[in-house]
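Report on the following structure.
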There are 2 protein chains.
Amino acid sequence: MSGNPTMNDVAREANVALKTVSRYVNGETNIGAPLATRIQEAIDALGYRRNLAAASIRPGRTSRMLGLIIGDLSNPYYSTIAGAIESTASDHGYLLTIGSSDEDGRRHDQLVDRLMEQRVDGLIIVPPTGAARDWSKLPPPIPALVFLDRPVDFDQADAVVADNAGGARLATAALAERGGRRIAFVGDSLDISTMRERLAGYRTALIEHGVREDPELVVTDAHRSVDAAVAIRRLLNERAIDGIFAANNRAAVGALMAFRDSGARVPLIGFDDFEAATLSTPAVSVVSHDITLMGEAAAEIVFARLSGDTSARRTHVLPATLVLRGSEDG
Amino acid sequence: MSGNPTMNDVAREANVALKTVSRYVNGETNIGAPLATRIQEAIDALGYRRNLAAASIRPGRTSRMLGLIIGDLSNPYYSTIAGAIESTASDHGYLLTIGSSDEDGRRHDQLVDRLMEQRVDGLIIVPPTGAARDWSKLPPPIPALVFLDRPVDFDQADAVVADNAGGARLATAALAERGGRRIAFVGDSLDISTMRERLAGYRTALIEHGVREDPELVVTDAHRSVDAAVAIRRLLNERAIDGIFAANNRAAVGALMAFRDSGARVPLIGFDDFEAATLSTPAVSVVSHDITLMGEAAAEIVFARLSGDTSARRTHVLPATLVLRGSEDG
DNA sequence: TTGTAGGCGTTATCAT
DNA sequence: ATGATAACGCCTACAA
């Protein structure tokens, strides 16, 4: 046996015309019972399976596939997004093809090209931290395109982002309202746009509460949990901080490590929920932006565009909410 | 403009033959410099992108796509597997299409059909808990097929599984060696094959240490963490247990909840690592089977088969290791 | 209800 | 080095 059986093989086996097999396979009703039986028997005998790739190249036919590019599928943050998108895609009868950019601009661009060449009907992208493709010079037509989680300066696409500044402001304000005057900001590099927004929200809250910002209390190089832990131990020992806004969940985990190691503890609020948050004592309060909702929203926007929604592209900002669990009181 | 530009459009624009464009796009070397320039200009002008779906229908050509079916992409356990497979696939220039079965047999079967019709070159499957497709009557040819994490009775496919029994035996033995004589088994339904294997390992260890099994100490209906917590609180209060083997990480989290709520604590070892394990005090010891390694192994097997490895299909059993962190001493 | 002819975008064959 | 022509597997006209 050389390759996979084709419709033609089935037609020959069943002594019918190719088109009749096509009709049968596609569930069209106008087929005589005897022929239908013969065709099904031929299909079973040959182990025929239709070739959707071949079908999809016909004009008017689509691949019924969505593409998703994220940083790293192993990261629970991204996989939650991916899961929400996959689930929504599945509801619409779509398959999801996923690529991880590892936050690398080149890899990201390769994935964009590959997925477009694969003719996905829609593309959802979490842009990498580093410089990526200049979207403005990407020639149309591009499929339904949605940027997720991070804003991109390209008005031909929709975007779904969380209210990072608003959430950071909520958290910092909660700490200030409980008397915090030396509240630390602990986060990752400001090359990451979400970090810049969260720092801006932190500053807004400080200003609103009449607190002068102390640059010594702002840490923006905590890439891993242990980095954050080291920085926070130092802040606790040398800077007399009385509150911590942990700008991502790695920073929050780092704070827990620092508390454990140093025996000291100050009020703490994190950004983005994490599994250990409810298990520690007291439980860690966090700003939660619902990434599941973000993923679903992005997918639904794609499907809206696919079904003809031509309204102006826009950026959808999803609210961030403060989940207080106790750690904000120290 | 009607559709996407095609090779034909490029050929007309550049005043060359179709085949010459094909050669250029596919990086064949035997092309004159002047034509190459004209073709590239035409490509840029038209915004041409090749259609891999169309290319893949030619005989001998493949889709360079892998399919993966798991329970739920939002679940960190599965997404870790998915991430490892995606990473390996990416190294081989392959894209990964993922579907979640939600542990539903029907949905699982649909995904198998869909991915096969999409002509993925290889298929990696975590079979759902419930009854799934009868693989034995699936007509060949099937793409390179690997079952992951759970054994399936089908000798036409490879399988990669963890040593569940061995790991459970290690954990239970560690508890018994520390004096445990009333060691509880807390896990999910025995409909799940891994649970059966872990229970078997638990029993083996008890026998080896001369401990008579007490059926009252075996819980096999803890589906969620809270279920496990409730059961464990009861065991602590009414059954005087002196050790807990938590047969999955939800059960381990449940144990932590029960300890917190009841104030009591006994030696504990879990199965499968989880983020909170190292943050609690004492840190939770676990049997760890490296699911990243499992995913990589599965993908590498697929690629080996794709490149012509025709050796007998086999089941690869990956070792489970005991990671002691303190909780085994109570 | 069934069949015939043609084309989708690409690559392969075989010429020039 | 370049090109004309025929597939690939399927579907959409348009007959019969």
Side-chain angles (χ1 to χ4, degrees), chain A residues 1-40 42-43 46-64 114 116-121 141 143, chain B residues 1-40 42-43 46-65 114 116-121 141:
Chain A
M1 55 142 190
S2 47
N4 286 328
T6 78
M7 258 188 191
N8 234 319
D9 300 329
V10 175
R12 195 177 319 116
E13 175 86 8
N15 259 304
V16 254
L18 173 62
K19 177 63 209 181
T20 311
V21 180
S22 172
R23 276 195 260 265
Y24 176 79
V25 166
N26 285 71
E28 296 178 33
T29 51
N30 49 345
I31 287 196
L35 279 204
T37 315
R38 257 158 61 203
I39 293 174
Q40 183 58 56
I43 287 177
L46 269 47
Y48 168 78
R49 219 187 294 276
R50 68 192 202 279
N51 184 335
L52 290 180
S56 74
I57 76 171
R58 300 308 320 286
R61 300 252 146 191
T62 66
S63 63
R64 296 179 80 80
R114 177 72 194 276
M116 291 222 172
E117 290 175 359
Q118 210 79 64
R119 291 298 195 267
V120 293
D121 295 344
Chain B
M1 58 141 190
S2 47
N4 286 328
T6 78
M7 259 188 191
N8 235 319
D9 299 330
V10 175
R12 195 178 318 115
E13 175 87 6
N15 258 302
V16 251
L18 175 61
K19 179 63 205 180
T20 310
V21 179
S22 172
R23 275 194 261 265
Y24 176 79
V25 165
N26 285 71
E28 295 178 35
T29 52
N30 48 346
I31 286 195
L35 279 204
T37 315
R38 258 158 59 204
I39 293 174
Q40 183 58 56
I43 287 177
L46 270 48
Y48 167 76
R49 219 188 292 277
R50 67 195 202 279
N51 184 334
L52 290 180
S56 75
I57 77 170
R58 301 309 317 284
R61 299 254 146 189
T62 65
S63 64
R64 296 179 78 79
M65 293 230 248
R114 177 74 194 275
M116 292 220 172
E117 291 174 358
Q118 210 79 53
R119 290 298 195 266
V120 294
D121 295 343

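Each chain gets a letter, A, B and so on, in the order the sequences are listed, and its residues count up from 1.
- Among the atoms of the strands shown, none is found under 4.0 Å from any heavy atom of B/Asn8.
- Considering every non-hydrogen atom in both B/Gly47 and B/Pro5, the closest pair reads O-CG, 3.7 Å.
- Among the atoms of the strands shown, only primed sugar atoms or phosphate atoms (P, OP1, OP2) are found under 4.0 Å from some heavy atom of A/Arg50.
- For B/Arg58, counting side-chain heavy atoms from C-beta on, the closest listed nucleotide (D/dA4, D/dC10, C/dA12) is C/dA12.
- Residue A/Thr20 has its side chain nearest to C/dT2 when only D/dC10, C/dT11, C/dT2 are considered.
- Among the atoms of the strands shown, only primed sugar atoms or phosphate atoms (P, OP1, OP2) are found under 4.0 Å from some heavy atom of A/Leu35.
- Residue B/Arg61 has a polar side-chain atom (N or O) positioned under 4.0 Å from OP1 or OP2 of C/dA12.
- Atom C1' of nucleotide D/dC11 and atom CD of A/Glu28 are separated by 9 Å, given to the nearest angstrom.
- Here B/Ser22 does not reach the OP1 or OP2 of C/dT10: none of its side-chain N or O atoms lies under 4.0 Å away.
- Taking the side chain as every heavy atom from C-beta outward, A/Pro143 and A/Asp121 never approach each other to under 4.5 Å.
- A straight line from CZ of A/Arg119 to C1' of C/dT10 spans 11 Å, rounded to a whole angstrom.
- Comparing B/Gly32 and B/Ile57, the nucleotide of DNA chain D nearest to each residue sits closer to the 5' end for B/Gly32.
- The distance between atom CG of B/Leu18 and atom P of C/dT10, rounded to the nearest whole Å, is 8 Å.
- The shortest side-chain heavy-atom distance between A/Tyr48 and A/Val25 falls under the 4.5 Å cut-off.
- The 5' end of DNA chain D is approached more closely, in terms of each residue's nearest nucleotide, by B/Val16 than by the other of B/Ala54 and B/Val16.
- Under the 3.5 Å distance criterion, the side-chain polar atoms of A/Arg119 are matched with a main-chain donor or acceptor of B/Arg50.
- Remark: the A/Arg23 side chain and the C/dG3 base include a donor-acceptor N/O pair separated by less than 3.5 Å.
- Taking atom CD1 on A/Ile31 and atom P on C/dG3, their separation rounds to 10 Å, with Å as the unit.
- Side-chain N or O atoms of A/Arg38 include one that pairs as donor or acceptor with a backbone N or O of A/Asn15 at under 3.5 Å.
- In terms of phosphate contacts, A/Asn26 brings a side-chain nitrogen or oxygen within less than 4.0 Å of OP1 or OP2 of D/dC11.
- Listed nucleotides: C/dG9, D/dC11, D/dG3. Nearest to the side chain of B/Lys19: D/dG3.
- The distance between atom CE of B/Met7 and atom C1' of D/dG3, rounded to the nearest whole Å, is 14 Å.
- Across every non-hydrogen atom of B/Ile31 and B/Thr20, the tightest pair is CD1-O, 3.6 Å.
- Atom CG of B/Leu52 and atom C1' of C/dT10 are 10 Å apart (whole Å).
- Distance CZ (B/Arg12) to C1' (D/dT2): 19 Å, rounded to an integer number of Å.
- The distance from atom CG of A/Asn51 to atom C1' of D/dC8 is 9 Å, rounded to the nearest whole Å.
- Residue B/Tyr24 places no side-chain N or O under 4.0 Å from the OP1 or OP2 atom of D/dG3.
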